[in-house]
Amino acid sequence: MLLVTAVIKPFKLDEVKDALKQLGVAGMTATEVRGFGRQGGHTETYRGAEYRIDFVPKVELQLVVDDGAVDAVVDAIRTAAATGQIGDGKIWVTTVERLVRIRTGEEGPAAI
Amino acid sequence: MIDTGDTAWVLISAALVLFMTPGLAFFYGGMVRSRHVLAMLMQNIFAMGIISVIWSGIGYSLAFGGVGAFIGDLSHAFLSGADGTSGTIPTMAFVAFQMMFAVITPALITGATADRLRFASYAVLIAVWTLVVYVPVARWVWNPNGWIFSMGALDFAGGAAIHINAGIAALAVVLVIGNRRGHGSEAMPPHNLPFTVLGTGILWFGWIGFNAGSALAANGIAAQAVVNTHLAAAAGMLGWLAIERLKAGHATTLGAASGAVAGLVAITPCAGFVGGAAPLIIGGGAGIICYLALGLKSRFSFDDSLDVIAVHLVGGLVGTILLGLFADTGVNADGADGVLFGGGVELLIDQTVAALAVLAYSFIVTFAIAKVIDRLMGLRVDPVDEAMGLDQSQHAESAYQP
């Protein structure tokens with residue numbers, strides 16, 4: 001089992017979710033986060049005073065997938081989240097040692 | 001002889017002016033950071049509580065009782081003997097209308113001192129300030145016995161008595177308490193500009209009563225004041241946005257709100273004395289000049305957090321001085337003629353003297369009051385309380401649940 005984590009532009013969340021649902025993904029967790037990478041921040045001006053906003057709002061998406069599904073999931077996220085502009089985000093994959101469904105106690109791939 | 005139309009208009013105007021204080025609370029509240037927003041709202045609505053009580057107790061009497069040129073007396077303490085008539089309205093209508101002015105004036109100061117005043121000290125500050133600064137200045141400017149009134153200077157609804165007065169007082173308090181922690185190094189952007197726009201709408205609406213109610217009658221002067229007030233706000237918004245777009249690249253929401261308020265401030269002393277294109281020139285000029293005045297605080301590195309000095313002090317000065325040019329007895333026979341209407345420089349000189357007198361008195365006395373309160377009880381919160389936010393440290397509340 002693998003944990004796919006993607007940091008994406010907030011307005012792309014629905015497109016990414018729809019693309020993943022089409023692949024048959026059953027669930028995911030989305031969190032509002034702030035961060036910066038190559039995009040850096042932006043400036044806002046209030047009454048003539050410029051403020052540098054370093055941390056830009058992003059959405060972090062997390063889902064656990066079976067090993068065989070990971071490439072399709074990563075591809076789907078990449079395709080749906082891409083705008084071609086700087087700041088589209090990143091996807092990374094890590095291994096999951098143990099997964100438990102709280103309601104039934106099922107473990108492993110059955111709990112995905 | 002009571003005129004029911006006049007009375008109705010002044011009573012409604014009192015309610016309109018009352019509504020401006022919560023409007024100001026939201027105007028300022030949107031501009032502070034989220035952990036200080038309740039404290040800002042509280043400082044404003046608290047003025048509705050404490051100043052109203054002080055006003056009915058002795059404030060009204062000291063401002064409008066007796067025959068002194070500098071201060072009234074206690075003949076109308078607790079509004080005794082205020083049940084007669086003043087002109088064509090019941091004296092009590094005038095009491096109510098003026099009470100709302102007394103409430104909002106110290107509240108204007110809170111924008112400059114945002115995010116760092118101890119609440120108890122603030123309460124003492126505005127109570128003392130109202131009696132020692134606002135009441136005498138209102139006496140000078142509006143009571144027929146007052147020396148500025150007798151001199152011939154005009155202040156229709158409070159350019160000098162309210163805006164110059166509160167604006168320079170704000171500077172004095174800021175100089176006593178110092179800058180916010182992190183000022184200049186840490187970004188402190190507004191946390192909720194929709195609040196600020198809401199507050200602007202309420203202020204603009206209430207200002208119709210503030211200025212046109214000051215006619216104390218439902219007549220042509222009141223109607224002219226409504227039009228002047230509205231046009232100055234409109235032109236103020238356009239003036240501010242134009243120069244902001246030129247100098248900073250964007251026309252902003254906060255700029256539109258600020259420009260409208262700048263125009264409203266500047267037309268306040270002029271509202272019932274000018275006509276024609278004057279409100280457009282006064283309001284538009286204020287929008288541009290107040291925007292340019294924003295730079296003063298960084299030039300002299302004082303933390304006028306929400307630009308009370310640039311908007312109220314500078315806007316009040318613009319209106320008070322320009323009235324010396326644009327006043328027209330064709331609009332209001334009880335006024336005077338300014339330079340552009342054949343009156344010579346006499347009014348302009350009177351206006352300048354009035355502005356400088358209020359500036360000097362308010363600055364010196366406010367500075368002294370703030371120093372004494374700071375010495376006795378500490379005017380500013382300690383650094384930990386400031387960092388935690390005034391909502392938690394002063395009121396044990398949070399505006400927003402995570």
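Heavy-atom basis, side chains included; hydrogens, waters and symmetry copies ignored. Residue numbers start from 1 in every chain, and the chains themselves are labelled A, B, ... in the order their sequence lines are given, proteins ahead of strands.
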Check this for me: Leu246(B), atom CG, are more than 12 non-hydrogen atoms of other residues, nucleotides or ligands nearer than 6.0 Å?
yes
Should the heavy atoms of other residues, nucleotides or ligands under 6.0 Å from CD of Glu32(A) be counted, would the total exceed 12?
no
Given Gly295(B), Pro189(B), Ala187(B), the one with more heavy-atom pairs under 4.5 angstrom with chain A than any other is Pro189(B)
If you count the non-hydrogen atoms of other residues, nucleotides and ligands that lie under 6.0 Å from CZ in Arg78(A), is the total more than 12?
no
Report, as yes or no, whether the 6.0 Å neighbourhood of atom CZ on Arg52(A) holds more than 12 heavy atoms from other residues, nucleotides or ligands.
yes
Between Ser258(B) and chain A, with a heavy-atom cut-off of 4.5 Å, which part of the residue counts as in contact: side chain, backbone, both or neither?
both
Work out which heavy atom in Thr45(A) is nearest to a heavy atom in Thr252(B); give both atom names and the distance.
O-CG2, 4.0 Å
Under 6.0 Å from the NE2 atom of His250(B), do we count more than 12 heavy atoms belonging to anything else shown?
no
At what distance, to the nearest 0.5 angstrom, does CD of Glu44(A) lie from CG of Leu193(B)?
9.0 Å
Student check: side-chain heavy atoms of Arg47(A) and Trp240(B) closer than 4.5 Å
yes
